[in-house]
Each structure stands twice: as C-alpha cells, then as structure tokens.
Amino acid sequence: MRERSRTVRLVALSLATLALAAVIVVRWASEANRGEPDDADPAADAASTTTTSTTTTTTTTTTTTTTTTTTTTTIPPFEGWVDPETSGQPWGDTVDGLLTFRGNPTRTYYGKGPVPRVPEKAWHFPRGDPMCSLSSTGGELREWCGTGWTGQPAVFERDGRTWVVVGAFSGSVHFLDADTGERLLPDFPTGDIIKGSVTIDPDGYPLVYVGSRDNRFRVVAFDAGTPRELWSLGAYDLGPIMWNDDWDSSGMVIDDHLFIGGENSRFHIVKLNRGYGADGLVTADPQVVFHAPGWDDELLAAVDRELSIENSVAVSGDTVYFANSGGLVQGWDISGLRDDPAAVPERVFRFWTGDDTDASLVIDAEGMIYVGVEYQRGTDRSHEVGQIIKLDPSRPDDPLIWSVHVRGALNASGVWATPGLHRDLLIVPTHTGHVYGVDTATGEVRWTKKLPGPTWPSPAIVDDVWIQGDCGGKLYAFDVSDTTVEPPQLWNIELGACIESTPAVWDGLIVVGTKGGYIHAIR
C-alpha cells in the first residue's frame, strides 16, 4: 500500500491534435493429432490455441488550466481466505519454511535461496539399507522404495533448528535434521506407503498433516519425544465414494480449517479446533464441516467411474479449486465459512478437461488457473482442449484462454507434474520427458527441453534458478533469469535412481528423494 501526493502548478496555452491508435493482435496456431515415439516432441507441430481480445485506445489532449490538488488513496486490506497477490510468496510469517506441496495456497512457492552453485552431496537418509516396503497394486504385492510422486519434503525452522519432514515408501513419516540427516524424532509409522507430500501447520502448532495408502488421512503431533496421532479420517467414513482409498493430496491449512481431497473422490473441509492442553502439549479436535463429491452426473455420463482426487487443492480469494481423474475442474465458494461455521459452500466454477487431471492447479496473482492434463482416455474433449491450459474463472461460461497440445501415445503422454510459474513463464514437464517453457500471456511455446522421462517431478524455481529431477536419476539446475530464451544448464548431479518426487529448496540446501530408496541433501 502506498500513499502518493503530487503538487503541480502549471499555467499554459497550447494547441493539440487528435491521435487515434488501434492495436489488434491475432494469434493463430494449428494442431496436428498424431501419436509420437518417446523421443519425439508431441508439441512440435501442435503449439497453442489462443483466445485474444481486441483493444482500441483513443488519446485526446485539450487546453487546460490545472490547479493544485492533493489526493490520498488508501487500499483496504484484503478480506477473504487468500489474497490472490500472495501468489509466489510463502504462506504466512509465523513459521519460516516450505510447509506444504508447492508451499502456499496457490501452489506457487518453491522455497528460499540461495541455490547451491557448485553442488555436493551433504547427506543421505537412511545411512544403511534403503527405505522399502511392500504395497499392493491391483491385488498384487510389489516392493516400493524411497519416495515418489509427489513426495516433496517440508523444510522449516523450529527451536533453532532446520527440520525436514517427509513421508516415504517406507510407510513412515521421517523427522530429520536438515544439517546432518539424523533423526530428530522416531519415525511415525502408517499402515502403508506414503505417496503425497506432508503439510506442516502454518500457524506454529507442532502438527503434521499426512495421508497414507492405508486409507487414512492423519493429524500427527510432534511436540513430544515420540510423534502421536491426534485424529484420522478414513476414506470410507463419509460417502458415497468412488474408486480408491488412497490419500495422495497434500492438505491445505488456512485459519484453523483443513482442505483435503481423497482418492475416494470426495472433497473435505475440516475445522481443526487446535489448542494446547494443561500439560502444554498441542491438541486438536477436528470436525468435518463440509464434504462433497468430486464428480457430478454430467461427468459420469461422459467417462467411466474411475474417479479420484489426487491433486492438492488450491485456494485463491474465497474459492477453493481442485480437479479429478475424470478431468473435472471445480471451484467452490467458501466465503460464508469465514463468519458462519454452518455455512454451506457453493460450487461456482466447472470446466471439463476431458482427461485425467492429477497435477495440482496453479493460480497466479490475477486469479488465472494453469492446468496440466494427462492423455489416458483419448476422448474427443481431450483432443479439443489440449494438455496444458489456462483458465479464467471470472468467465465461467467461456474460461479457456489458451491451450497447448502435447499428446503423443495414448496412456504415455501428457502432464503429471504440477507446472511451475515463474514471472511470465510456465514450466511444464511431461510424461515423455519433454519440458515446455510456455508464455503465460499467449500460450506460445518459447522453448522445449528433453530429459529422460517419465518426468513427474514438479519444477522448483528459486532465485531465477529452475531445479528439475528426471527419471534417469539426475537433478539439474537451469538459469531462467531470461524467461524468453531456452534456459542454459548450470549444473547437474547424479543421484543414482529415478527422481519422481518434487525437490525442496531451502537456504542453500536441496532435499529430494529418489525411487532408489534414499532421501538426498545437496548443498
């Protein structure tokens, strides 16, 4: 907020002329529908479809006499759940850290610099045998090791130490010292693997929010010698449900409310009722105040019933947004909950992408939504809409601004990673290993890089450096200080196994897990 006063004294006579200028910008791109091998660029011949507007500006200058005036403009504080202008910023100032998947309610915060310039391996966890456990897929047991999608560690400051908290395929939450990689607390075991990213309470309560493949989403306290479970929500506790009982979504905590989607295809709002007991230990008495299906009848008429919410909900203004594996993007107005715990949220936005949308929605400071879409069902709608899209929710009847088509082979192309937003650039890794740098205003593909796919880790962008993992086991740093050119590589470091998780960047340290069974720290 700024105050501005200006005193101008001017006495003059002049003759003026009338000028008229018109600027019309029209972009047109064609799209080819074809399958591609893994090393081919699916977007090479099918760039973007852009919706544009035409603006005519008229400037008139007349003879005037100006007197002295003083004007003070006061911008009122934002009243709502999340100020859209906090896009790209850390969530709150109570806890210093990267606290949830992609850091804030708009899923646009990547951590704090500096970024290592000559990276070296600082530590790995565990020191001995890799973290592995058995979990069932389609009724068949198989071994899972390390961390996977999304798997971003939380890194934060507490009691004079930097903590790393991460859920893993070990079936446990690990509490580590960021300087040494040693355990700060015993592991907290769940009944199955953990795929999603944990969330640390942003208001300073010593609580971690975490989902597991054992069908439960938990609130776990870590202010005593041993982590303890305070509450859990089962995938079958509320219904009706669809498809699955996993919890891949990373919860979002705002003003004592938890927002979380489940693979049971239900969206939940939970009043946490946090506090402290007489013994000084943290307490919570969570109550589900609202839940809704992630589907509707129109979606069921268009696709099968394999519907789940696997992305992490995003919040901007008074609206919470999420998508599901049927491609339904929804926005729910939660403004009433600020003043009335019994208020019922209302759905105010609906858009169908046509295909599985597991990547989290990303929202910029203007409230625009960026969506990454897989190519699994091959519907006519997915051919029409594309796999990288920009939506304007203020135009609910016609929200599509632009789209980029990056589909190749069916069920082996499209977007699993959450796009990275950096100034006027959107960085989008895809299943085939192609990474696209897209102009956020026009949808033009400025550049393409090819990495060993599948490229599921989401970009982390700090201090004009883009950090990216690939499935060949390398972690890269690219210079994105000039967003208009293909970013040059600064360095890469070999971590020995496929990187599927999103890296965390914090104060000179990068922490990321691999499917080889270890969590690695680089500085």
Donor-acceptor pair, side chain of H422 and main chain of V480, under 3.5 angstrom: yes

Validation row: I269, V288 side chains within 4.5 angstrom (heavy atoms): no

Between S250 and S312, a side-chain donor and acceptor under 3.5 Å: no

W163 and F175 aromatic ring geometry - parallel, tilted or perpendicular at 30°/60° bounds: perpendicular

Audit row: Y209, L272, side-chain contact (heavy atoms from CB on, under 4.5 Å) steps and yes/no: CA-CA 11 Å; Y209 306 86; L272 292 168; 3.4 Å; yes

Validation row, ring centre H291 to ring centre F267 under 6.0 Å: no

Ring-face cation contact, F351 with R381, 6.0 Å cut, 45° max: yes

Test log, rule side-chain hydrogen bond (donor to acceptor under 3.5 Å, both in side chains), inputs R266 and H268: CA-CA 6 Å; R266 296 204 74 81; H268 312 81; 5.2 Å; no

Other residues, nucleotides, ligands: >12 heavy atoms within 6.0 Å of R305 CZ: no

Heavy-atom side-chain contact between F478 and V465 under 4.5 Å: no

Short side-chain to backbone donor-acceptor contact, D246 and D248, under 3.5 Å: no

Least distance between heavy atoms, Q468 atom then P429 atom: OE1-CG, 3.6 Å

Whether K515 side chain and G473 backbone form a donor-acceptor pair below 3.5 Å: no

4.5 Å side-chain heavy-atom contact, V435 and T430: no

E366, CD atom: more than 12 neighbouring heavy atoms under 6.0 Å: no

Steps toward salt bridge (charged side-chain N to carboxylate O under 4.0 Å, His left out) verdict (D364, R423): CA-CA 9 Å; D364 67 17; R423 302 204 302 268; over 6 Å; no

Derivation and outcome, side-chain contact (heavy atoms from CB on, under 4.5 Å), residues F217 and I260: CA-CA 9 Å; F217 189 90; I260 184 69; 3.5 Å; yes

Over 12 foreign heavy atoms within 6.0 Å of NZ, K271: yes

Between R102 and Y110, a side-chain donor and acceptor under 3.5 Å: yes

CA sep, side-chain torsions, deciding dist, call: V371, I388, side-chain contact (heavy atoms from CB on, under 4.5 Å): CA-CA 6 Å; V371 188; I388 306 170; over 6 Å; no

Heavy-atom donor-acceptor pair, T514 side chain to G516 backbone, under 3.5 Å: yes

Flag, side chain of W402 to backbone of T440, donor-acceptor distance under 3.5 Å: yes

Residue pair I363 / S87: nearest heavy atoms and the distance that separates them: O-OG, 2.9 Å

Distance-only polar pair, side chains of N264 and Y236, donor-acceptor under 3.5 Å: no

Distance-only side-chain donor-acceptor flag, D355 / Q376, under 3.5 Å: no

Side chain H434, main chain K449, donor-acceptor under 3.5 Å: no

Polar contact flag, side-chain donor to acceptor under 3.5 angstrom, T483-D424: yes

Minimum-distance pair of heavy atoms, taken over all atoms of S265 and N324: OG-ND2, 4.4 Å

T150 to S197 - nearest heavy-atom pair and separation: OG1-OG, 3.0 Å

No-hydrogen, no-angle side-chain donor-acceptor test under 3.5 Å, N104 and T106: yes

From CG (D201) to OG1 (T199), nearest 0.5 Å: 9.5 Å

V406 versus Y436, closest heavy-atom pair with distance: CG1-CE1, 3.4 Å

D297 atom CG, neighbour heavy-atom count above 12 within 6.0 Å: no

Backbone of G171 reached by a side-chain donor or acceptor of T190 within 3.5 Å: yes

F78 side chain reached by T86 side chain, heavy atoms, under 4.5 Å: no

Distance, nearest 0.5 Å, that separates CG of D192 from CZ of F169: 10.5 Å

side-chain hydrogen bond (donor to acceptor under 3.5 Å, both in side chains) between W506 and E157, worked out: CA-CA 10 Å; W506 192 256; E157 307 298 332; 2.8 Å; yes

C145 and M131, any side-chain heavy atoms less than 4.5 Å apart: no

Whether Y375 and H383 hold their rings parallel, tilted or perpendicular, with breakpoints at 30° and 60°: tilted

Spacing of CD1 belonging to I427 relative to OG1 belonging to T418, to within rounding of 0.5 Å: 13.5 Å

Validation row: L141, S135 side chains within 4.5 angstrom (heavy atoms): no

Spacing of CG belonging to L425 relative to CG belonging to D439, to within rounding of 0.5 Å: 8.0 Å

Residues, nucleotides or ligands: over 12 heavy atoms within 6.0 Å of W352 CH2: yes

Side-chain (S403) to main-chain (I389) donor-acceptor, under 3.5 angstrom: no

Side-chain donor-acceptor contact under 3.5 Å, R142 with S136: no

Separation of S325 OG from E263 CD (nearest 0.5 Å): 8.0 Å

D203 and R274: CA distance, side-chain angles, deciding distance, salt bridge (charged side-chain N to carboxylate O under 4.0 Å, His left out) verdict: CA-CA 10 Å; D203 299 316; R274 301 161 300 175; 2.9 Å; yes

Considering all heavy atoms, the nearest R347-R350 contact: NH2-CD, 3.5 Å

Test log, rule side-chain contact (heavy atoms from CB on, under 4.5 Å), inputs F101 and S360: CA-CA 9 Å; F101 177 66; S360 296; 3.6 Å; yes

Donor-acceptor contact below 3.5 Å, side chain R377 vs main chain V303: no

S316 OG to E85 CD distance, which is reported to the nearest 0.5 Å: 10.0 Å

Backbone of S458 reached by a side-chain donor or acceptor of T502 within 3.5 Å: yes

Side chain proximity check, K112 to D96, heavy atoms < 4.5 angstrom: yes

Within-4.5 Å side-chain heavy-atom neighbours: F290 and W332: yes

Aromatic ring pairing W416/H431, orientation class (parallel under 30°, perpendicular over 60°, tilted between): tilted

